[in-house]
Amino acid sequence: MKAQAFRRAEKVTNKSSYRIIYEQGVRRSSRFFTVILCGNSMGVRRLGITVTKKTGKAVFRNRLKRLIREFFRRNKDLFPAGHDVVVMTRKNIPPLTYSEAARELTELFSRKTGR
RNA sequence: GGAGAAGAUCAGAUGAUCGCGGGCGGAUUUUUAUCCGCCGGAGGAAAGUCCGAGCUCCACAGGGCAGGAUGGUCGCUAACGGCGACUGGGGGCAACCCUAAGGAAAGUGCCACAGAAAAUAUACCGCCCCGCAUUUGCGAGGUAAGGGUGAAAUGGCGAGGUAAGAGCUCACCGCUUUUCCGGCGACGGAAAAGGCAUGGUAAACCCCAUCCGGAGCAAGACCAAAUAGGAGAACGUUUAAGGGCGGCCCGCCUGAUGUUCUCGGGUAGCGUCGCUUGAGGCGGCAGGCAACUGCCGUCCCAGAUGAAUGAUCAUCGUUGCGCCGAGGGUAACCGAAGCGCAAAACAGAACUCGGCUUACGAUCUUCUCUCGCG
RNA sequence: GGUCCCAUCGUCUAGCGGUUAGGACGCUGGCCUCUCACGCCGGUAACCGGGGUUCGAAUCCCCGUGGGACUA
């Protein structure tokens, strides 16, 4: 079993799940991202990404989604087990490199676990 | 060297590590799922959704009105509002570029302000003549050359002519009509006659010619079990509105309701199909000025669905700047190799094609003008 | 993904080929009042961008830009 893989089971895929997470989850924001955390009954940590059209053009949106997926894949230990996590992007994000995005997200999650 | 014009090509490459989605083959207990191997995985615009088609459903896609689109000619094409060649007009010194480019003597409308007058014409300042007065002035008439207004003023310019003038007459140019020649045609050229008639605006209504039925893959088709709505057939009742059908009319299809019998499928479900072999790409030959077409060979080249094609590192290559500087040159200057730093645009398939438009980084080829030197 | 609509002062709007681009709210100067409010007089400030048609464009046509709506 590959340790850093990102499978379909680890992805939030349907609309009803998203609705539950939006309604019941706990929110936490940084400068560029908003994270919503919510427990699930499957015992797997799952990732969902929401990038609206207000964030930018299609190329930029795709890049943000890839960066967030990459971060999840490499830093699964930061994410609490058995929880769904939805990462939303906020407005007016400058072009980011992977290291910048990773620093921002690491800070966000370490703050959360410290509480 | 500088300023331009036209066209073509590419869209950094290779490797390593960790990943993503698809196809084929195999394995783990069958599907789901997981693992292994192999194969391939964004664009010239994938974008805007501005046109045209295929495909699917709505009757078989029908008729009329309304509405919309196009508008030089000839061709190309499945089709087009696209493309090619040619013609007319406009711009540029030029290479070359732009062009909604039918009809204003079918009709209607509009042309502000200014100006006498903005389209049946007409006369402000003028000019000329006659009568009265006789120093300017007043009245009647002729005229449209000149002035003034305007975006635009009733052919232009010269000569004759006249009281002054006027296509009133004449030459040239323009215009209209007719004839001839060239061209498939748009149109071009020539001659003769007319004697100026016909201001502009159709991206104003409109007329003429040609074309268009409507919706869109969220179209549409299918699926295990369970329950009601529902569907079909027969019979009875009611005879008349409703629905399919995009605006309206016609036309076509379907009646409505009750009872009995028979049938079975609506659904946001990590569903299935549609879903990628196509007016396809590449190469060659032939036809054509070209757009394009025909024949032969060869290749299979993304199919996701909270939506894959990525991240990091290394090396090499490209470009720019700086340092150094072999070498060339009388000089200004041009500069190979090397080192360092920096940059690499616009942008992400969503049923599929053909165009158009817009965004944008380079490189190369051909051509034009100009400056300097020889 | 698809189908449509809109854009005028800071805000809400009128305008349908010739306007000094009008009005209301706002902001602001003055008058009134012992002062404030109300009222009266005045000022401020706009046609989303670029081409074209026309003598003339906010208006007509084309291409962009930015917003919004509907559709499972």
Listed by chain and number, what are the side-chain hydrogen bond (donor to acceptor under 3.5 Å, both in side chains) partners of A:Arg46, not counting sequence neighbours?
A:Asp84
Return the set of residues passing ring-ring contact (aromatic ring centres under 6.0 Å, His included) with A:Phe71 (not counting sequence neighbours), or none when no residue passes.
none
If I pick the C1' atom on B:rC51 and the same atom on B:rG264, what distance separates them, to the nearest angstrom?
47 Å
On a whole-Å scale, what distance lies between the P atoms belonging to B:rU34 and B:rA307?
15 Å
When you compare B:rG141 with B:rA163, how far apart are their C1' atoms, in angstrom units rounded to a whole number?
13 Å
Hydrophobic clusters here meaning ILVMFWY residues chained together by side-chain heavy-atom distances under 4.5 Å, can you tell me if A:Leu78 and A:Val12 are in one?
no
Rounded off to whole Å, could you give me the CZ-to-C1' distance for the A:Phe71 and B:rG19 pair?
16 Å
Polar pairs (N or O, both sides) under 3.5 Å between protein and nucleotides 305-313 of chain B?
from	atom 1	to	atom 2	distance (Å)
B:rU305	OP1	A:Arg8	NH1	3.2
B:rG306	O2'	A:Val12	O	2.5
B:rG306	O2'	A:Tyr18	OH	3.3
B:rG306	N2	A:Thr50	OG1	2.6
B:rA307	OP1	A:Lys11	NZ	3.2
B:rU309	OP2	A:Arg66	NE	2.8
B:rU309	OP2	A:Arg66	NH2	3.2
B:rG310	N2	A:Glu70	OE2	3.4
B:rG310	N2	A:Arg73	NH2	3.4
B:rA311	OP1	A:Arg63	NH1	2.6

C:rC62 and C:rA21: how far apart are their P atoms, nearest whole angstrom?
28 Å
Distance, rounded to the nearest Å, where A:Asn75 contributes CG and B:rC18 contributes P:
17 Å
With both distances under 3.5 angstrom, what nucleotide forms a Watson-Crick or G-U wobble pair with B:rU14?
B:rA314
Work out how far the P atom of C:rU11 is from that of C:rG67, and round it to whole angstrom.
16 Å
Paired with B:rC289 by Watson-Crick or G-U wobble geometry, both distances under 3.5 Å: which nucleotide is it?
none
What interatomic distance, in whole Å, is found between C1' of B:rG72 and the corresponding atom of B:rG103?
14 Å
B:rC65 pairs with, by Watson-Crick or G-U criteria that keep both distances under 3.5 Å:
B:rG247
Using purine N1 to pyrimidine N3 plus N6-O4 or O6-N4 for Watson-Crick, or N1-O2 and O6-N3 for G-U wobble, both under 3.5 Å, which nucleotide pairs with C:rG66?
C:rC6
Between B:rA85 and B:rC321 - P atom distance, rounded Å
41 Å
Ring-plane angle category for A:Phe79 and A:Phe109, please: parallel below 30°, perpendicular beyond 60°, tilted otherwise.
tilted
Taking only residues two or more places apart in sequence or in another chain, which ones pass ring-ring contact (aromatic ring centres under 6.0 Å, His included) with A:Phe32?
none
Assigned glycosidic conformation for B:rU227 [threshold 90° from 0]:
anti
Can you measure A:Phe60 atom CZ to B:rA345 atom C1' for me and round it to whole angstrom units?
17 Å
Not counting sequence neighbours, which residues clear side-chain hydrogen bond (donor to acceptor under 3.5 Å, both in side chains) with A:Ser30? List them please.
A:Glu104
Using Watson-Crick or G-U wobble geometry with both distances under 3.5 Å, which nucleotide pairs with B:rU34?
B:rA27
Between atom NZ in A:Lys57 and atom P in B:rA349, what is the gap in whole Å?
12 Å
Under 3.5 Å for both donor-acceptor distances, Watson-Crick or wobble: does B:rC205 have a partner, and if so which one?
B:rG107
Please classify the glycosidic conformation of B:rC301 as syn (within 90° of 0) or anti (everything else).
syn
Anti or syn - B:rG335, cut at 90° from 0:
anti
If the glycosidic angle sits within 90 degrees of zero it is syn, else anti. Tell me which applies to C:rU59.
anti
Using the test side chain to side chain contact (heavy atoms under 4.5 Å, CB included), find all partners of A:Ser99 that sit at least two apart in sequence or belong to another chain.
A:Thr97
Once you apply the 3.5 Å cut-off to both distances, tell me the Watson-Crick or G-U wobble partner of B:rG320, or none.
B:rC341
Base partner of B:rC127, which must satisfy Watson-Crick or wobble distances under 3.5 Å:
B:rG142
Hey, does the side chain of A:Lys76 reach the backbone of A:Arg45 with a donor-acceptor pair shorter than 3.5 angstrom?
no
Syn if the chi torsion is within 90° of 0, anti otherwise; quick check, which is C:rU19?
syn
List the steps and the verdict of salt bridge (Lys or Arg N to Asp or Glu O under 4.0 Å) for A:Glu70 and A:Arg66.
CA-CA 6 Å; A:Glu70 190 76 8; A:Arg66 283 166 185 157; over 6 Å; no
Determine the Euclidean distance between corresponding C1' atoms of B:rU177 and B:rU198; express it in Å to zero decimal places.
14 Å
